[in-house]
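Written below as structure tokens is the structure these notes are about.
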Amino acid sequence: MIITGKSSLQLLHVFHLVVLAYLNPALALSSSGVGDAKTIRCTERERQALLEFKEAVMDDFGSLSSWGTTKEEEDLNDCCKWKGVQCSNHNTTSYVTMVDLSYRALGGGLRGKISPSLLELHHLRYLDLSGNGLYGEIPRQFSNLSNLRHLDLGFNDMLSSENLEWLSRLSLLSHLDLSMVELSKATGWVHSMNKLPLLKELHLSRCSLPDISPPSSFRFNSSVSLSILDLSSNSLSNSIFNWLFNVSSSLAYIDLGDNELKGSIPDAFGGMGSLTNLSLYGNQLDGLPKSFANSSHLQSLDLSGNNLTEELHEFLQKLSGAENSLQRLALDKNRLRGPLPDFTRFSLLRELYLCKNLLSGPFPKNIGNLPSLYYLSLYRNQITGSFPDLSAFPSLEYLLLQNNQLNGTIDRSIGQLHKLQYFSCAFNSLKDTISEAHLSNLSNLWYLDLCSNALTLNFSSDWVPPFQLGAIKLASCKLGPQFPKWLRTQNKFFVLDISSNGIKGNIPSWFWDLSPGLHYLNLSHNQINGLLPDLSLRFKLYAGIDLSYNLLTGPIPLVPPTVVSLNLSKNKFVGSLSFLCSLAEEWLIYLDLSNNQLLGELPYCLSHFKKLTIISLSYNNLFGEIPISIGSLLQIRTLNLRNNNLTGEVPFSLQRCTMLSTIDLSGNRFTGIVPRWLGTHLTSLIVLILRSNEFKGSIPRQICHLHHIQILDFSQNHLSGNIPPCFSNFSALVESKNSDATTSFDYRAYFDGPYDDGTYVANAFVQWKGKDQEYSKNLGLLKTIDLSSNRLSGNIPDQVWSLAGLHSLNLSRNTLTGKIIQEIGQMEMLESLDLSANRLSGEIPRSLAHLNFLSVLNLSTNNLSGKIPISTQLQSFNASAYSSNPELCGVPLPNKCPGEEETTPNTAHAKDKNIQEDDDSSITQGFYVTMGLGFFFGFWGVFGTIIINSRSRHGFFMFLNHITDWIYVTIALGWARLQRRL
């Protein structure tokens, strides 16, 4: 047989591949598809199986475009050359051994169900479909993939499996990741894991795992292979420990975070000699056992978000065995106490998280030399004293000191941290001046937060910082009055907050062209004036803008179409709201345009913003009706339309907005009746203000379904009829303790950035103690009812007097009748009571004197009678509080009650004069003589005896010493008891 040169080369190449496959299968796997496509390629059976999988999913990113379907295209025909597929060669045939279609490998996600066609890949060893949008039941036939070593189906959308028995046949499995797969019905999951003897890694995070059965119901199958175990974010209880401490003797990585573990941490953890990483965050654990002194290999310990309460230095003593190994310690979100200790012994420490504890006292002078520490988080503690010397942390990259009680100046040692990237010391009491010397060496700095300190930034006009900041947060510092010129050198920031900086004048034109990546801009609380340019192209997607409390004028320009939060309140903007209709429908969350000069109707397009949570358009010149389409805003929590010229009835569709907690429609011209559905559908309401409108009819009884209501104001309308006898259903007003209800809401100020949450604090004008006052931060603490200036009639229902938590009650200027009953004394928290200008009769109940907090009282212009009860408090009010009650008498009114002695001024004067004369006549010369003799004999009778008789003198002074000692001991013991009680 004649062999040509070309054929010889082909045979030689095939021979090399076969030898490589025999010597090193991994090399064969990497050489998939190499060679003559006509002789070495995947089988048609496997090719069709992969194509069926492709047809069953949606490939939005075209990640599987290399998976060809026509036989004419040789490269696309061979599945061993497809993206995410690898094969191993057997003679002239390649078998698929690896399929990696993870989001990480593809660079894009797949959506759909997992096709059972993958079961045709009998030689498959590695399958990774993680991070996609796959859903549905995992095919149980996966149990036929008996060669599988690596299976990763984690972090998909809604994959599920009712049991895991199908895993028991995958005996070669060493890596299993089913994170985020719904396994709530897989009660036997522990049994299934025990049947995988070669398993090294097990990831079952966020699977809704059922709690394991008692240990008596299954046999432990201890393994020497399992080293990594992640069961985080399930609802597992302490019963998991029974399995954990028997499943493997070589566990190195354990994550049980975000479960329902309680009590002390088991001693057995300290006896796990191979343990390097332990995460128990987000549980209810309350103590570290002494056995952790034996954890000589421990590198990372995460106990954040638990119930640790001991002194920090005591806690660290229990980790003495890890002094030469510990690199990461997370103890944040606990209640650890005491001062910061010396960390020198943990010389390898790289990350230290102690934020959100109760640590106090100043920084110690010797906190420790930690040359490897790059992350230090101490925010939200009670650390006092001066800013620390940071020269002991030369590797520091992240420094978080915000929300403490630091004072003084920022130490210039901050300038020695050449690697520093993230620096925040906001919300302290730091003062003095930040100069170029503090920052000139920080070339890696990208996040700077100095907010809410008394700092002055003093840089020369031509200074060019060595860094390019991504986040600049300088609220409440002093930069003004000119716009800071050094900002002109920064062109990569995505967050800029220079609010409350004393800046005046126009925004320079160069500012708007600085950063193409801007996500959040806050220039509020300055004195910036002028017009705004078109902002629609000045921001990245999902932006936040706050320009409130300035002097900006003109019409509101176009804003970014994907704006998330927009606050332009307290300016002088004019024009209509039509610009809102140019925004994308799905992103706007927070809209505050209050206190401007805007004119026109509420645009219909408001209803398009399905995520809108906060609307505040108060104090403008808006007119017309509220559009019916507002009922589409199902996420809305605050609706503030106060002081406009809006008319019509409150739209029926608003009852669909069941998340509403604050409604303020006061100061408009709304008509119709108070809707019944306010009580039946909007049951989350805390604040309901319909004041100063034209509502008529009666107060609906359904309003009593508002169990959370704290501020109810229907005053200055045309309401008539009786007050509903069901006010005792206002649970929040019946309870005298302070409410935990909140009228402030967190919202996303912008997206695509760190720390992007904002807080909106609802505000309202409330008539408090006779004056209209605006409340915001303390609004949720008030508990008031104001039904004044209406046409209400009938008796005041007895249930009103049961509102023990009410702070203010105003029923004045109605036509109410009947008596003030004795039960008014139950309103123990009442500070202001106004029942004036009604037709109330009868006596003032004596229990009114028991209201110790009452500081404002008005009972005038009624038909009250009898004597005003005697008490220090009731007599302290001005007489006007009781005036225009003809039958009422007693102090402080000038008219006396019947039976009291009447005296004329002349008679009284004569009587006083006679008494004075009688008193004077009794003091005669004999009186003075008698008094002098009594003093002489009394004084010398006692002290003369003491002076002459030594025994009497000794006894007298012994008596004084005894009395003195008794007084001292009594006071000392009393003080000690008091300290123990405190």
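- For the atom pair CG of Leu568 and CG of Asn550, the computed distance is 10.0 Å after rounding to the nearest 0.5 Å.
- At most 12 non-hydrogen atoms from other residues, nucleotides or ligands lie less than 6.0 angstrom from CD1 of Ile628.
- Across Asn790 and Phe714, no two heavy atoms sit closer than the pair ND2-O, 3.0 Å.
- A donor-acceptor contact shorter than 3.5 Å is absent between the side chain of His708 and the backbone of Ala732.
- Here the shortest heavy-atom pairing between Leu617 and Asn644 reads O-ND2, 3.1 Å.
- Side-chain N or O atoms of Asn381 include none that pairs as donor or acceptor with a backbone N or O of Asn404 at under 3.5 Å.
- Leu660 contributes atom CG, which lies 7.5 Å from atom OG1 of Thr638 (distance to the nearest 0.5 angstrom).
- Minimum heavy-atom separation, Ala426 to Asn453: CA-ND2, 3.8 Å.
- Listed for the Asn693 side chain is a donor-acceptor partner under 3.5 Å among the backbone atoms of Phe670.
- Within the 3.5 Å criterion, the main-chain N or O of Asn838 finds a donor-acceptor partner in the side chain of Asn862.
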Item to check | Criterion side-chain contact (heavy atoms from CB on, under 4.5 Å) on Asn640 and Tyr619, from CA distance to verdict | outcome: CA-CA 10 Å; Asn640 189 346; Tyr619 293 100; over 6 Å; no

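- When atom types are taken as modelled, the side chain of Asn567 and the backbone of Ser569 share a donor-acceptor pair closer than 3.5 angstrom.
- Looking at Arg637, its side chain never comes within 3.5 Å of a backbone N or O of Thr662 through a donor-acceptor pair.
- For the pair Leu859 and Asn885, the tightest heavy-atom approach, listed with the atom from each and the gap, is O-ND2, 3.0 Å.
- Between the side chain of Ser847 and the main chain of Gln822, a donor-acceptor pair closer than 3.5 Å is present.
- The backbone N or O of Pro339 sits nowhere less than 3.5 Å from a side-chain atom of Ser360 that would complete a donor-acceptor pair.
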Checklist entry - After noting the C-alpha distance and the side-chain angles of Thr671 and Thr647, does the key distance pass the side-chain contact (heavy atoms from CB on, under 4.5 Å) rule? => result CA-CA 7 Å; Thr671 56; Thr647 57; over 6 Å; no

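- A heavy-atom distance below 4.5 Å is not found between the side chains of Ile796 and Ile820.
- The minimum heavy-atom distance linking Pro724 with Ile699 is given by the pair CG-O, 3.5 Å.
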Next on the checklist: Let's go through Leu848 and Leu833 carefully: what are the C-alpha distance in whole Å and the side-chain angles of both, what is the deciding distance for side-chain contact (heavy atoms from CB on, under 4.5 Å) to 0.1 Å, and is it a yes or a no?
Outcome noted: CA-CA 10 Å; Leu848 190 64; Leu833 175 63; 4.0 Å; yes

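- Here disulfide (SG to SG under 2.5 Å) pairs that include residues 786-895, with residues two or more places apart or in two chains, are Cys889-Cys897.
- Ring planes of Phe727 and Phe730: tilted class, angle from 30 to 60°.
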Next on the checklist: side-chain contact (heavy atoms from CB on, under 4.5 Å), that's the test. Do Leu358 and Gln382 meet it? Break it down for me.
Outcome noted: CA-CA 6 Å; Leu358 301 175; Gln382 301 169 17; 3.7 Å; yes

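- Nearest heavy-atom pair across Ile636 and Leu633 is CG2-O, 3.1 Å.
- Side-chain contact between Ser715 and Arg691 is present, with heavy atoms from C-beta onward closer than 4.5 Å.
- Between the side chains of Ser789 and Arg813, at least one donor-acceptor pair of N or O atoms lies under 3.5 Å.
- Glu735 pairs by the side-chain contact (heavy atoms from CB on, under 4.5 Å) definition with Lys737, not counting sequence neighbours.
- Partner of Arg642 under the side chain to side chain donor-acceptor pair (under 3.5 Å) criterion, chosen from Asn668, Asn620, Asp664: Asp664.
- Under the 3.5 Å distance criterion, the side-chain polar atoms of Asn334 are left unmatched by any main-chain donor or acceptor of Asn357.
- Partner Tyr882 forms a side chain to side chain contact (heavy atoms under 4.5 Å, CB included) with one of Asn858, Ile844, Leu864 and no other, that one being Ile844.
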Distance-only check: which donor-acceptor pairs under 3.5 Å involve side-chain atoms of residues 672-682, not counting sequence neighbours?
| unit_1 | atom_1 | unit_2 | atom_2 | d |
| --- | --- | --- | --- | --- |
| His681 | ND1 | Gln655 | OE1 | 3.4 |
| His681 | NE2 | Gln655 | OE1 | 3.0 |

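- Rounded to the nearest 0.5 angstrom, Asn307 CG and Leu336 CG are separated by 10.5 Å.
- Sorted by first and then second residue, the salt bridge (charged side-chain N to carboxylate O under 4.0 Å, His left out) pairs involving residues 694-721 (not counting sequence neighbours) form an empty list.
- At least one donor-acceptor pair under 3.5 Å links the side chain of Asp592 to the backbone N or O of Ser594.
- A side chain to side chain contact (heavy atoms under 4.5 Å, CB included) with Asp834 holds for exactly one of Val856, Asn810, Leu809; it is Asn810.
- With sequence neighbours excluded, no residue satisfies disulfide (SG to SG under 2.5 Å) with Cys657.
- Among pairs with a residue in residues 872-881, those fulfilling side chain to side chain donor-acceptor pair (under 3.5 Å) read Asn878-Ser880, at least two apart in sequence or across chains.
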